[in-house]
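Whatever order the structure lists them in is the order used to number ligands and atoms, beginning at 1. Computed from heavy atoms alone, side chains included, the values below leave out hydrogens, waters and symmetry copies.
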Amino acid sequence: MKTLPLCFIVFLFQAIYAIDGNLTLVMVHALWRHGDRTPTETYHNDKFTVDYWKYGGGGWGQLTPIGMKQHMILGRKIRDRYINGHPYNFLKPQYDQQEVFVRATDKNRTLLSAASNMIGMYSAREGENFNRPGYDFPEESGWPVGYVPIPIHTIDDAGDHLLDVDNACPLQDTVWELAKTTSIVSNYFNSENVTALMRNLTNFCGEDINPENLWILFNALKIEKQYFPEVFQNFTPWYTDALWEQIDIVNSQVQDFQNGLGLEGVVVKGIDIGRTLRKIRGGTLVNDIYNRMNRKAECLINTSQECAYTNNLKFFAYSAHDTTLYALFSLLDVAHFAVQPRGYPLYSACVLIEQWQDLNTNKTYFKWCNFDILKGSSSTSSIFASILVFLFSFVFIR
Ligand SMILES: *[C@@H]1O[C@H](CO)[C@@H](O)[C@H](O)[C@H]1NC(C)=O
Ligand SMILES: *[C@@H]1O[C@H](CO)[C@@H](O)[C@H](O)[C@H]1NC(C)=O
Ligand SMILES: *[C@@H]1O[C@H](CO)[C@@H](O)[C@H](O)[C@H]1NC(C)=O
Ligand SMILES: *[C@@H]1O[C@H](CO)[C@@H](O)[C@H](O)[C@H]1NC(C)=O
Ligand SMILES: *[C@@H]1O[C@H](CO)[C@@H](O)[C@H](O)[C@H]1NC(C)=O
Ligand SMILES: *[C@@H]1O[C@H](CO)[C@@H](O)[C@H](O)[C@H]1NC(C)=O
């Protein structure tokens with residue numbers, strides 16, 4: 001990965017409303033996780049069969065109405081931030097196809113999350129009249145009042161190496177196999193804690209549970225407990241919150257290893273395991289964002305036709321997965337700051353990357369905002385803030 005030859009600007013949390021008058025917001029990238037979903041798969045003995053999952057089209061891994069609502073709310077927050085003047089008037093009130101581009105992975109849940117998000121961003125509610133009937137949507141009875149359809153782009157999932165970070169990649173597989181030979185990972189996998197837990201879970205689940213497939217169980221239990229609290233304990237008599245906490249701890253540690261965290265400077269066969277895993281998983285996305293920002297900066301002082309697309313483009317959204325966000329956070333070394341207390345980002349977590357331009361000096365700056373609508377409080381810890389203060393400013397808005 002090339003290092004970003006951009007200047008970093010430091011805004012403290014409160015300072016966001018006091019932007020330096022010489023700086024102009026020129027482009028925003030958004031990356032979010034899909035909303036609340038059904039389990040993507042489950043374990044052998046599970047009594048919650050696929051018949052239990054009727055949400056969002058039915059079956060495994062579908063966006064639920066809760067997930068749709070989460071993204072509608074997030075879309076509304078994005079509208080407030082960039083359209084309604086809280087704090088910026090950056091985008092047009094109505095959808096402008098030249099300003100906005102949305103790309104999702106080719107999964108039902110990310111496609112529908114993007115669609116739900118765009119409802120929050122561009123569909124008028126009762127009492128709002130920023131849209132133009134006859135232009136933004138048909139004036140026909142039967143058309144949902146105020147609903148503006150927005151195109152969501154995708155590419156074939158198997159070829160999506162930008163947003164689906166676990167897609168087939170022989171290099172990633174090879175480096176991960178090497179990672180498991182390191183004493184850090186193998187000592188952890190073979191520790192009494194972990195092996196005893198896997199033994200017990202294997203027994204409960206009726207299939208081999210190991211550190212690498214543990215996430216399936218972790219997810220399934222969490223979602224089943226959320227959706228069927230009355231019958232969950234009957235269906236899963238071995239479940240306790242303490243056991244789930246152990247699963248969470250081990251699963252989070254495994255995911256950190258898979259993202260190269262805790263393996264910095266660990267070299268096997270000449271390969272820096274931590275660095276290489278982070279590059280493989282997060283590098284393509286950082287390059288994509290970097291290239292678009294760079295072109296934006298170049299085109300700001302260029303009115304030729306070849307810059308027209310870039311000059312018009314102001315908001316680029318990626319609708320993706322917890323793995324995508326975590327790969328990006330890991331690459332930039334902010335994972336443990338951005339996600340607390342541990343684990344992957346929650347449903348509809350969103351990071352916004354704002355590109356600012358000083359029109360006097362032509363210098364580019366950027367800052368981050370981390371939207372996480374599911375967490376309650378709005379405090380940033382000053383300890384974490386001081387670690388990162390020279391790199392980024394995170395703004396938590398809820
Ligand atoms: C803003 O730009 C003007 C003109 O170049 C300059 O005099 C001023 O110092 C700048 N303000 C800041 C805060 O950099
Ligand atoms: C929706 O999800 C199911 C299950 O993952 C998948 O088989 C199906 O192809 C998806 N449908 C579309 C239209 O993407
Ligand atoms: C092992 O489990 C104990 C009790 O849950 C915990 O305190 C300890 O941190 C665990 N050790 C590791 C290496 O996970
Ligand atoms: C595994 O199960 C045994 C027997 O129920 C129990 O004593 C032990 O604490 C369990 N260990 C873990 C790590 O869950
Ligand atoms: C800017 O415009 C000129 C033509 O006016 C063109 O040759 C040049 O490549 C453009 N720069 C970029 C970054 O597109
Ligand atoms: C910024 O870019 C413009 C257009 O290329 C140029 O005219 C101006 O001199 C530049 N300003 C600085 C301070 O480099």
### Task
Flag the pair Tyr227 / Phe48 as yes when their ring centroid distance falls below 6.0 Å, and as no otherwise.
no
### Task
Run through Asn210, Ile209, Leu197 and flag the one making a side chain to side chain contact (heavy atoms under 4.5 Å, CB included) with Thr202.
Ile209
Where does ligand 4 get N/O contacts under 3.5 Å from the protein, atom by atom?
unit_1   : atom_1 : unit_2 : atom_2 : d
ligand 4 : 2 (O)  : Asn200 : OD1    : 3.2
ligand 4 : 2 (O)  : Asn200 : ND2    : 2.2
ligand 4 : 11 (N) : Asn200 : ND2    : 3.0
ligand 4 : 14 (O) : Asn200 : ND2    : 3.2

### Numbered atoms of ligand 5 (with element) below 4.0 Å of Arg295, judged on heavy atoms
14 (O)
### Query
N/O to N/O below 3.5 Å, does that happen between Asn302 and ligand 5?
yes
### Message
Going by disulfide bond (SG atoms under 2.5 Å apart), name the residues that satisfy it together with Cys299, two or more places apart in sequence or in a different chain.
### Response
Cys307
### Query
With no hydrogens and no angle check, do the side chains of Asp160 and Thr105 hold a donor and an acceptor under 3.5 Å apart?
no
### Message
So if I count the atoms of ligand 5 from 1 in the order they appear, which ones are less than 4.0 Å from some heavy atom of Glu298?
### Response
13 (C)
### Message
Is the ring pair Phe228/Tyr52 parallel, tilted or perpendicular, if the boundaries are 30 and 60 degrees?
### Response
perpendicular
### Query
Quick check: does any side chain N or O of Thr154 sit under 3.5 Å from a backbone N or O of Asp106, one acting as donor and the other as acceptor?
yes
### Task
Determine, using ring centers only, whether Phe232 and Trp244 are less than 6.0 Å apart.
no
